[in-house]
Amino acid sequence: MKTYKRLSYAERAALCTNHMAQQLFSLLSEKETNLALSADVTSCAALLELADKLGPEICVLKTHVDILTDFTLVFTQELVKLAKKHQFLIFEDRKFADIGNTVRHQYQQGIYHIADWADIVNAHSLSGPGVISGLAEVGLPKQRGLLLLAEMSSAGNLINSDYIQKTVRMAEQFPEFVLGFIAQRKISNDPWWLYMTPGVQLAEGKDTLGQQYVTPTKALLENESDIIIVGRGILQAKDPLLEAKKYRQAGWNAYCAGSKTK
Ligand code: S5P
């Protein structure tokens, strides 16, 4: 039987120089939850209700603001208030993927003013380091953080091991701004990178559009990720709060089983 001995979140917080990684590792440790809710609903009221109800259970609330049919900037102010009240970080899953100059505008301007309210955003490394430089110009002065998409959960995606390694090298050029990766597993031996894994449900499986699910144990214990991102596993349950508690427990148990401090 394989034995797992990993540094705890608190130990990794102490090793980080990246401000956002430090904050998030500390939050995971203190709040005792590694559950991120993917709040993929289409109305602001529904999202705020979820944030208020499930906020105590989660470390991160992940948004796709461009699926909201009634987005307003007032909504973002309400969300920030709830993030403070319940102590979670806001992650806008924008998946920036253009040249630096364009993503800079997409991050700060447009309808959404993402940089004003999202603690964390993500980007594909596909277009090269300019995407990170562009986002950093806007995000660093506001003490925001960036995750690079190093892997995807969907079947048939084009990412290979060379792409993953090059994405890690790219992240290493921006240690102040990049806090970690969206990935299915740990992809570097450096303990300061933080990993968030989507495509998680309590039972393995897939949806009809190519999404593939692993369990919290597989993601956090076997694959050594840090945070599970769960959407429909919670949102489509009869009682989302109860289901969130189940995912929280499953995620925390998997972390404890792998951490040497427990
Ligand atoms: O590779 C990925 C990356 C992301 S960020 N696969 C994903 O599914 N995601 C996001 O995670 C996706 O956009 C969605 O918001 C969430 C998964 O939702 P679920 O309903 O399948 O749990």
Side-chain angles (χ1 to χ4, degrees), residues 6-16 18-40 47-64 79-93 117-122 143-147 178-184 186 191-202 214-217 219-221 223-235 240-259 261-262:
R6 297 175 58 197
L7 294 174
S8 68
Y9 294 138
E11 286 168 320
R12 288 173 59 204
L15 287 172
C16 288
N18 181 284
H19 169 77
M20 189 55 71
Q22 222 165 43
Q23 196 180 330
L24 189 43
F25 275 128
S26 301
L27 177 65
L28 296 174
S29 177
E30 284 157 23
K31 198 171 172 184
E32 301 197 347
T33 173
N34 48 29
L35 172 63
L37 173 69
S38 186
D40 298 338
L47 206 160
L48 292 173
E49 194 187 327
L50 271 174
D52 202 16
K53 244 195 188 155
L54 274 55
E57 310 300 328
I58 61 176
C59 56
V60 168
L61 185 136
K62 187 174 81 59
T63 54
H64 280 297
L79 186 60
V80 169
K81 274 189 214 156
L82 290 172
K84 289 212 172 83
K85 177 178 167 193
H86 295 303
Q87 294 290 299
F88 59 77
L89 295 178
I90 303 171
F91 165 21
E92 164 55 23
D93 186 4
W117 51 268
D119 301 294
I120 297 168
V121 291
N122 55 357
Q143 299 206 302
R144 305 305 193 192
L146 177 72
L147 294 165
V178 178
L179 69 139
F181 304 96
I182 298 288
Q184 294 296 299
K186 183 179 92 156
W192 44 83
W193 297 122
L194 187 146
Y195 303 97
M196 292 196 200
T197 298
V200 174
Q201 287 200 349
L202 290 174
V214 297
T215 62
T217 306
L220 296 170
L221 186 60
N223 291 351
E224 301 191 37
S225 181
D226 298 312
I227 291 176
I228 47 171
I229 297 175
V230 182
R232 284 166 287 175
I234 291 172
L235 302 178
L241 177 59
L242 189 70
E243 207 63 15
K245 286 178 193 282
K246 282 189 206 164
Y247 277 93
R248 177 185 189 172
Q249 194 61 53
W252 197 254
N253 288 349
Y255 162 69
C256 290
S259 165
T261 59
K262 301 277 171 176

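These numbers come from the heavy atoms of this one structure, side chains and all, not from hydrogens, waters or symmetry mates.
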Scanning both residues in full, the closest heavy-atom pair of Asn122 with Ile182 reads ND2-CG1, 4.2 Å
Do Cys59 and Leu89 have side chains that get closer than 4.5 Å, going by heavy atoms? no
Ignoring hydrogens, what is the shortest heavy-atom contact between Ala183 and Pro198? Give both atom names and the distance. O-CD, 4.3 Å
Atom CZ of Arg248 and atom CG of Asn253: how far apart are they, to the nearest 0.5 Å? 11.5 Å
Drop me the distance from Arg144's CZ to Trp117's CH2, to the nearest 0.5 angstrom. 9.5 Å
Just jot down the side chain to side chain contact (heavy atoms under 4.5 Å, CB included) partners of Asp52, sequence neighbours excluded, or say none. Leu82, Lys85, His86
Is it the case that atom CD in Gln23 sees more than 12 heavy atoms from other parts of the structure closer than 6.0 Å? yes
Does the side chain of Ser38 pick up a donor-acceptor pair with the side chain of Asp40 at under 3.5 Å? yes
Do side-chain atoms of Glu224 reach the backbone of Leu221 as a donor and acceptor pair under 3.5 angstrom? no
Report yes or no: does Arg12 contribute a side-chain atom to a donor-acceptor pair with the main-chain N or O of Trp193 at less than 3.5 Å? yes
For Ile228 and Gly251, the nearest pair of non-hydrogen atoms, with its separation, is CD1-CA, 4.2 Å
Could you tell me whether the side chains of Thr197 and Gln184 share a donor-acceptor contact shorter than 3.5 Å? no
Indicate the atoms forming the closest heavy-atom contact of Thr33 with Leu28, along with that distance. O-CD2, 3.2 Å
Over all atoms of both residues, closest heavy-atom pair of Gln201 and Pro216: O-CD, 3.4 Å
Kindly assign one of parallel, tilted or perpendicular to the pair Phe181 and Tyr195, based on the angle between their ring planes and the thresholds 30° and 60°. parallel
Testing the basics here: between Gln87 and Lys84, what is the closest heavy-atom pair and its distance to 0.1 Å? NE2-O, 3.1 Å
Side chain to side chain contact (heavy atoms under 4.5 Å, CB included) against Trp192, all qualifying residues, sequence neighbours excluded: Cys16, Asp190
Nearest 0.5 Å, what's the CD-CD1 distance between Glu57 and Ile234? 9.0 Å
State the CD-CG distance between Gln143 and Asn18, to the nearest 0.5 angstrom. 10.5 Å
Leu24 side, atom CG; Asp226 side, atom CG - distance, nearest 0.5 Å: 8.5 Å
Between Ser26 (side chain only) and Gln22 (backbone N and O only), is there a donor and an acceptor less than 3.5 Å apart? yes
Any side-chain heavy atom of Glu243 within less than 4.5 Å of one from Val230? no
Counting only heavy atoms from other residues, nucleotides and ligands, does the tally under 6.0 Å from NZ of Lys31 exceed 12? yes
Distance from Ser259 atom OG to Leu220 atom CG, nearest 0.5 Å? 12.0 Å
From the list Tyr9, Tyr255, Tyr247, side chain to side chain donor-acceptor pair (under 3.5 Å) partner of Asn34 resolves to Tyr9
